[in-house]
Amino acid sequence: MNKFRLAAAIAVLLLLALLGWEFQWRWRHALLKPQAPSPDAAYVAEVRSLPPGAAPGDRGVFLRDAGAVLRSLQPRLVFAGDCDEVETRWFGTRRLVIDCELRAGEPRLLQPLVGDVVIELVVQRRFARARGAAAS
């Protein structure tokens with residue numbers, strides 16, 4: 001009976017550690033927009049914040065299987081950049097388009113293909129007005 005209790009206690013501790021890791025990951029990578037499921041509901045795109053130094057930029061898009069409950073175990077960061085706005089749109093069941101209204105730097109498409117999903121990046125750059133145009 002003692003072996004059973006010890007095994008149960010270890011299992012509970014491992015489960016608590018896993019849940020702690022998951023919630024810590026979700027807190028550091030806060031969801032910024034509603035999740036975008038693919039038309040066939042096989043994949044989900046998530047726009048999340050990125051912790052400083054984790055990737056080039058402060059926003060990222062993660063792609064996961066729809067059935068993946070734990071985001072922290074196999075996060076698939078497919079895009080990172082300093083964008084004012086990031087939108088994800090599905091064109092068909094296996095084509096994800098990421099729109100980035102660029103604030104600064106150079107956005108990166110980190111994985112153009114995940115499984116059978118093709119990922120495309122559309123960048124809209126903001127240009128500062130010329131000084132003469134602003135004065136007139």
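- Between Arg125 and Val123 there is a side-chain heavy-atom pair separated by less than 4.5 Å.
- The backbone N or O of Arg95 lies less than 3.5 Å from no partner atom in the side chain of Trp90, so there is not a single donor-acceptor pair.
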Open item on the list: Let's go through Ile119 and Phe79 carefully: what are the C-alpha distance in whole Å and the side-chain angles of both, what is the deciding distance for side chain to side chain contact (heavy atoms under 4.5 Å, CB included) to 0.1 Å, and is it a yes or a no?
Closed with: CA-CA 9 Å; Ile119 302 163; Phe79 165 80; over 6 Å; no
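- A pairwise comparison of heavy atoms in Ser38 and Thr93 identifies CB-O, 3.9 Å as the closest pair.
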Next item on the list: Give the intermediate values and the outcome of side chain to side chain contact (heavy atoms under 4.5 Å, CB included) for residues Leu110 and Arg76.
Entry: CA-CA 9 Å; Leu110 304 171; Arg76 285 184 251 164; over 6 Å; no
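- With Pro107 as the partner, the side chain to side chain contact (heavy atoms under 4.5 Å, CB included) test is satisfied by one option alone out of Leu102, Ile98, Val86, Asp82: Leu102.
- No side-chain heavy atom of Leu96 sits under 4.5 Å from any side-chain heavy atom of Val118.
- Look at Glu22 and Arg71 and you find no salt bridge, because none of the NZ, NE, NH1 or NH2 atoms lies under 4.0 Å from a carboxylate O.
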Stepwise, does the side chain to side chain contact (heavy atoms under 4.5 Å, CB included) test hold for Glu46 with Leu31? CA-CA 7 Å; Glu46 298 177 334; Leu31 191 63; 3.8 Å; yes
Passes side chain to side chain contact (heavy atoms under 4.5 Å, CB included), Leu121 versus Cys100? Steps please. CA-CA 8 Å; Leu121 175 62; Cys100 167; 4.3 Å; yes
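- Looking only at side-chain heavy atoms (C-beta outward), Leu73 and Leu18 come within less than 4.5 Å of each other.
- Classified by interplanar angle (parallel below 30°, tilted 30° to 60°, perpendicular above 60°), the ring pair Phe62/Trp25 is perpendicular.
- Arg59 is not listed as a side-chain neighbour of Leu50, based on a closest heavy-atom distance of 4.5 Å or more.
- Between Leu77 and Val61, the closest side-chain pair of non-hydrogen atoms is not below 4.5 Å.
- Atom CD of Glu120 is separated from atom CG of Asp99 by 10.5 Å, given to the nearest 0.5 angstrom.
- When hydrophobic clusters are built by joining Ile, Leu, Val, Met, Phe, Trp and Tyr residues whose side-chain heavy atoms come closer than 4.5 Å, directly or via intermediates, Val97 is not grouped with Val47.
- Heavy-atom neighbours of Phe91 CZ from other residues, nucleotides or ligands within 6.0 Å: above the threshold of 12.
- Distance check: Arg48 CZ to His29 NE2 gives 8.5 Å after rounding to the nearest 0.5 Å.
- You'll find the side chain of Asp65 stays beyond 4.5 Å of the side chain of Gln74, heavy atoms only.
- Inter-residue side-chain proximity for Arg28 and Pro51 is flagged as met; some heavy-atom pair is nearer than 4.5 Å.
- The minimum heavy-atom distance linking Cys83 with Asp58 is given by the pair N-OD1, 4.0 Å.
- Separating the CG atom in Leu63 from the OG1 atom in Thr88 is a distance of 9.5 Å, to the nearest 0.5 Å.
- Here the closest non-hydrogen pair linking Trp21 and Ser72 is CD1-OG, 3.1 Å.
- When the shell of 6.0 Å around CZ of Arg108 is examined, it contains 12 or fewer heavy atoms from other residues, nucleotides or ligands.
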